There are 2 protein chains.
Amino acid sequence: MKLTTRFRYGTRAVLDLAIHAAERPVSLKDIAQRQGISRKYLETLFSTLQSSGIVRAVRGPRGGYRLTRKPEDISLRRLYEVLEGSGPLVDCTADPDICLRSASCVTQQVWEEMYNLCIGYLDSISIQELINRS
Amino acid sequence: MKLTTRFRYGTRAVLDLAIHAAERPVSLKDIAQRQGISRKYLETLFSTLQSSGIVRAVRGPRGGYRLTRKPEDISLRRLYEVLEGSGPLVDCTADPDICLRSASCVTQQVWEEMYNLCIGYLDSISIQELINRS
DNA sequence: TTAATTCCTATTAATTAAATAGAAATTATT
DNA sequence: AATAATTTCTATTTAATTAATAGGAATTAA
Ligand code: FES
Ligand code: FES
């Protein structure tokens, strides 16, 4: 049970964007340099972030990305759901038919509760909270 | 962030063993049949479980495995640590030198706290608890 | 017109997890 | 002593997923 690079890098990138956004958009080139992440890799992440409505691109020279909402309105839960993509800790949480035995499976309940704990925690932390801590 | 098959199958197998253990040991063949898991796959899991002191093998005909302790003394946390193997949600929790920036990384604290939540929860659930629920 | 950027589509590389294979060792039972 | 049911060991293979890269097209400020 590891967090994916997508989610971890994505979170750091959004945090970086939130910190450096001012009058002008922030380019991936800048984020890449500051965070030590390949620009190409960031491109794939920001594609997802944009289609999820978390950032908005400005193309052309002096372009880059802007957050579409305030840092306090972006939870890590949202980033997790958008970037990590994998959903619950086991597939049968979302779709019980995957496992025979689902009806009587006591472990399924445990994995589900554990997932709820994680999601609840991530929901309680916003990008603004990370800014405050840094 | 998914749980591995090793951990999930292993948990079900240990639960099955706890439920069916009586005077005679339980063979992997039986567990495999009841749980719908390949016997060969169980072999690899029980090798790990035995070397971690959770089960003990009895070889030969009518052989199989026994738990070495009571179901209430086997926590899912222990099974997770033994079977899942992957440790914390990010490597830098255990070894900060993996990431440069560790010292000032606010996300690291978040991933660590999230891991602690998971582990704490798993620690609160024993095999006996699962038996009670089933 | 140029250069800086995002955008799009695809491919490749790397890593990890999952599952299987086969023969050796052990031992209860007959 | 022979047999059959088991675990044990070592290795391999397969599958799945993630991570990372590549190159050129589109956009647009300067
Ligand atoms: S029902 Fe899916 S793990 Fe038990
Ligand atoms: S220090 Fe490892 S993710 Fe930030």
Side-chain angles (χ1 to χ4, degrees), chain A residues 1-13 17 20-21 23-33 35-52 54-66 68 80 82-87 89-91 98, chain B residues 1-13 17 20-21 23-33 35-52 54-66 68 80 82-87 89-91 98:
Chain A
M1 200 177 61
K2 290 283 186 194
L3 293 171
T4 58
T5 304
R6 271 179 76 77
F7 174 49
R8 290 183 294 109
Y9 282 14
T11 301
R12 278 170 51 202
L17 174 53
H20 292 94
E23 70 285 358
R24 61 184 76 157
V26 180
S27 72
L28 294 188
K29 188 181 164 204
D30 287 351
I31 297 178
Q33 279 181 348
Q35 297 296 324
I37 302 172
S38 124
R39 197 199 81 226
K40 277 295 187 187
Y41 196 63
L42 286 176
E43 281 181 13
T44 67
L45 301 186
F46 275 74
S47 163
T48 301
L49 289 170
Q50 174 159 234
S51 63
S52 304
I54 293 167
V55 301
R56 189 169 53 81
V58 178
R59 301 173 73 164
R62 310 216 97 192
Y65 288 91
R66 284 207 176 92
T68 58
Y80 176 86
V82 157
L83 292 170
E84 186 90 5
S86 67
L89 299 181
V90 295
D91 291 330
I98 290 172
Chain B
M1 199 178 60
K2 290 283 187 196
L3 292 171
T4 58
T5 304
R6 273 178 74 77
F7 174 49
R8 291 182 293 111
Y9 283 14
T11 300
R12 277 170 52 202
L17 174 53
H20 292 94
E23 69 285 358
R24 58 184 76 155
V26 180
S27 73
L28 294 189
K29 188 181 164 203
D30 288 352
I31 296 178
Q33 279 180 349
Q35 297 296 323
I37 303 172
S38 122
R39 197 199 83 226
K40 277 296 188 185
Y41 196 63
L42 286 176
E43 281 180 11
T44 67
L45 301 186
F46 276 74
S47 163
T48 302
L49 289 170
Q50 174 158 234
S51 62
S52 304
I54 293 166
V55 301
R56 191 167 50 82
V58 178
R59 301 174 72 164
R62 313 216 96 194
Y65 288 91
R66 285 206 176 93
T68 58
Y80 175 86
V82 156
L83 292 170
E84 185 91 6
S86 67
L89 299 180
V90 294
D91 290 330
I98 289 172

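None of the values given here were measured: they were computed from a predicted structure. Quick note on labels: first sequence line is chain A, next is B, and so on, each numbered from 1.
- With sequence neighbours excluded, no residue forms a side-chain hydrogen bond (donor to acceptor under 3.5 Å, both in side chains) with B/S47.
- Not a single donor-acceptor pair under 3.5 Å links the side chain of B/E84 to the backbone N or O of B/L3.
- Considering only residues two or more places apart in sequence or on other chains, B/D91 meets the salt bridge (charged side-chain N to carboxylate O under 4.0 Å, His left out) condition with A/K2.
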Look for any protein N or O under 3.5 Å of an N or O in nucleotides 8-14 of chain C and output each such pair with its distance, or none.
unit_1: C/dC8; atom_1: N4; unit_2: A/E43; atom_2: OE1; d: 3.4

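- Whole-Å rounding puts the B/L42 CG to C/dT20 P distance at 11 Å.
- At whole-Å resolution of the value, NZ in B/K2 and P in C/dA18 are 12 Å apart.
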With 3.5 Å as the limit, what N/O pairs link the protein to nucleotides 17-19 of chain D?
unit_1: D/dA19; atom_1: OP1; unit_2: A/T5; atom_2: N; d: 2.6
unit_1: D/dA19; atom_1: OP1; unit_2: A/T5; atom_2: OG1; d: 2.6
unit_1: D/dA19; atom_1: OP2; unit_2: A/T5; atom_2: N; d: 3.4

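- One can place CG of A/L45 at 13 Å from P of C/dC7, the figure rounded to the nearest angstrom.
- By the side-chain hydrogen bond (donor to acceptor under 3.5 Å, both in side chains) test, B/R39 is found to be paired with B/E43, residues two or more places apart in sequence or in another chain being considered.
- In this structure, B/Q50 places its CD atom 9 Å from C1' of D/dT7, rounding to the nearest Å.
- Every side-chain contact (heavy atoms from CB on, under 4.5 Å) that B/R66 has, sequence neighbours left out, goes to B/P25, B/R56, B/V58.
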> When you look at A/L89 and B/M1, which way does the side-chain contact (heavy atoms from CB on, under 4.5 Å) test go after all the steps?
Replying inline: CA-CA 6 Å; A/L89 299 181; B/M1 199 178 60; 3.7 Å; yes
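- With rounding to whole Å, B/Y9 atom OH is found 10 Å from C/dA19 atom C1'.
- We find that CD1 of A/I37 is positioned 12 Å from P of D/dT21, with the value rounded to whole Å.
- Counting to the nearest Å, the P atom of C/dC7 and the CZ atom of A/R56 are 11 Å from each other.
- Of all non-hydrogen atoms in A/L28 and A/L42, the two that sit nearest each other are O-CD1, 3.8 Å.
- If you measure from atom CZ of B/F46 to atom C1' of D/dT6, you get 14 Å, rounded to the nearest angstrom.
- For B/T48, the side-chain hydrogen bond (donor to acceptor under 3.5 Å, both in side chains) partners two or more places apart in sequence, or in a different chain, are B/R6.
- Contact between the side-chain N/O atoms of B/S38 and the OP1/OP2 oxygens of C/dT20 is found at a separation under 4.0 Å.
- For A/Y65, the ring pair (Phe, Tyr, Trp, His ring centres under 6.0 Å) criterion is met by A/F46, not counting sequence neighbours.
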> What string of B, S and - do you get for nucleotides 25-30 of chain D, 5' to 3', if B is base contact, S is sugar-phosphate-only contact and - is no contact with any protein heavy atom under 4.0 Å?
Replying inline: -BBBBS
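- Residues satisfying the side-chain hydrogen bond (donor to acceptor under 3.5 Å, both in side chains) criterion with A/T44, sequence neighbours excluded, are absent altogether.
- Across all non-hydrogen atoms, the minimal contact from B/L83 to B/G10 is CD1-CA, 3.6 Å.
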